[in-house]
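Bear in mind that the values here come from a model prediction, so they are computed numbers and not experimental data.
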Amino acid sequence: MTDPAHVLLDTTVHSTEAMGELGARLAAVLRAGDLVVLTGPLGAGKTTLTRGLGAALGARGQVSSPTFVLARTHPTTAGPDLVHVDAYRLSDPVELDDLDLDWDAAIVVVEWGRGMVDGISDSVLDVEITRATGADDVRVDHDPDDVPDEPRRVLVTATGPRWAGVAL
């Protein structure tokens with residue numbers, strides 16, 4: 001039986017800079033074997049949050065959306081690798097499994113991962129980013145990360161024994 005989910009953080013982020021800072025804040029509690037699932041519409045800030053997380057971990061290489069390569073591994077200067085996955089183009093969890101990721105030795109961040117990572121870990125950090133109603137009109141002819149600053153609600157929910165007693 002899975003432990004019930006509990007909210008670690010429910011906040012409003014007002015800028016891309018603040019979203020990166022939130023990623024750095026999350027990095028402070030992450031360790032090898034942690035699974036972070038990011039959910040939100042195009043341009044919500046999933047990759048921006050991951051960039052902040054990577055910067056705080058000392059990740060090597062540019063942390064950018066792995067949409068077309070599906071997964072990027074970034075060695076870090078201070079611990080486990082950061083594995084950044086984009087599950088948007090995957091049709092089912094088997095395809096995610098086919099990526100042969102080292103779930104136990106790395107910090108794995110999966111964009112568009114809700115429903116794709118079930119059963120991989122008994123502990124998951126779920127980060128849902130929502131934008132103001134009517135703000136989902138990101139044009140497909142430009143970089144989805146290139147959106148104006150606007151408030152986003154970020155809800156961080158933890159499930160499983162790993163997150164018992166952890167505070168942000």
Side-chain angles (χ1 to χ4, degrees), residues 5 7-27 29-30 34-57 59-74 76 81-101 103 106-121 124-159 168:
V7 174
L8 289 183
L9 182 68
D10 186 349
T11 191
T12 300
V13 175
H14 293 280
S15 67
T16 54
E17 181 179 309
M19 187 66 76
E21 291 167 359
L22 178 58
R25 187 171 164 193
L26 288 175
V29 299
L30 295 175
D34 284 344
L35 174 59
V36 181
V37 175
L38 304 179
T39 302
L42 287 172
K46 298 178 297 292
T47 299
T48 301
L49 185 135
T50 307
R51 273 191 203 115
L53 196 150
L57 294 172
R60 286 187 276 159
Q62 179 183 0
V63 176
S64 59
S65 179
T67 300
F68 297 105
V69 295
L70 303 180
R72 284 195 175 96
T73 300
H74 299 276
T76 66
D81 290 347
L82 170 63
V83 177
H84 185 195
V85 180
D86 188 327
Y88 183 78
R89 293 178 41 227
L90 302 179
S91 59
D92 63 55
V94 172
E95 291 182 79
L96 185 61
D97 189 50
D98 287 345
L99 296 176
D100 197 28
L101 303 174
W103 300 96
I107 295 168
V108 180
V109 176
V110 183
E111 294 188 29
W112 306 97
R114 191 173 283 163
M116 298 292 280
V117 298
D118 299 344
I120 289 176
S121 176
V124 176
L125 197 62
D126 184 83
V127 180
E128 183 170 4
I129 305 169
T130 54
R131 296 167 57 200
T133 303
D136 295 344
D137 60 351
V138 176
R139 297 184 347 243
V140 284
D141 64 340
H142 76 283
D143 182 352
D145 290 328
D146 184 24
V147 294
D149 279 342
E150 61 188 9
R152 279 125 162 106
R153 178 179 181 223
V154 180
L155 180 65
V156 180
T157 307
T159 305
L168 287 177

Could you work out, with salt bridge (charged side-chain N to carboxylate O under 4.0 Å, His left out) as the rule, every residue matching D97, not counting sequence neighbours?
none
Test your reading of the model: is there a side-chain donor-acceptor pair from [X] to the backbone of [Y], 3.5 Å cut-off?
X    : Y    : answer
D81  : V83  : no
H14  : P151 : no
K46  : P41  : yes
R51  : V63  : yes
S15  : A18  : yes
R131 : I129 : no

Checking V13 against L49 for the side chain to side chain contact (heavy atoms under 4.5 Å, CB included) test, could you report, in this order, the C-alpha distance in whole Å, the side-chain angles of both residues, the deciding distance, and whether it holds?
CA-CA 11 Å; V13 175; L49 185 135; over 6 Å; no
Show your working on side chain to side chain contact (heavy atoms under 4.5 Å, CB included) between L8 and L125 and close with a plain yes or no.
CA-CA 9 Å; L8 289 183; L125 197 62; 3.6 Å; yes
With the side chain counted from C-beta on, respond yes when [X] and [Y] share a heavy-atom pair under 4.5 Å apart, and no when they do not.
X    : Y    : result
H74  : L57  : no
I120 : L96  : yes
V109 : L38  : yes
D126 : T159 : no
H84  : T47  : yes

What is the distance from atom [atom1] of [X] to atom [atom2] of [Y], rounded to the nearest 0.5 Å?
X    : Y   : atom1 : atom2 : result
L155 : D10 : CG    : CG    : 5.0 Å
L9   : L26 : CG    : CG    : 7.5 Å
L168 : L22 : CG    : CG    : 8.0 Å
R152 : T12 : CZ    : OG1   : 11.5 Å

Heavy-atom pair with the smallest gap, counting every atom of [X] and [Y]:
X    : Y    : result
T48  : T16  : CG2-O, 3.5 Å
D34  : V29  : OD2-O, 3.9 Å
P93  : G115 : CG-O, 3.9 Å
M19  : G45  : CG-O, 3.6 Å
W112 : A87  : O-CB, 3.5 Å
R89  : L70  : NH1-CD2, 4.1 Å

Only one of T50, V37, V36 passes side chain to side chain contact (heavy atoms under 4.5 Å, CB included) with E111; say which it is.
T50
Is the number of heavy atoms from other residues, nucleotides or ligands under 6.0 Å of E17 CD greater than 12?
no
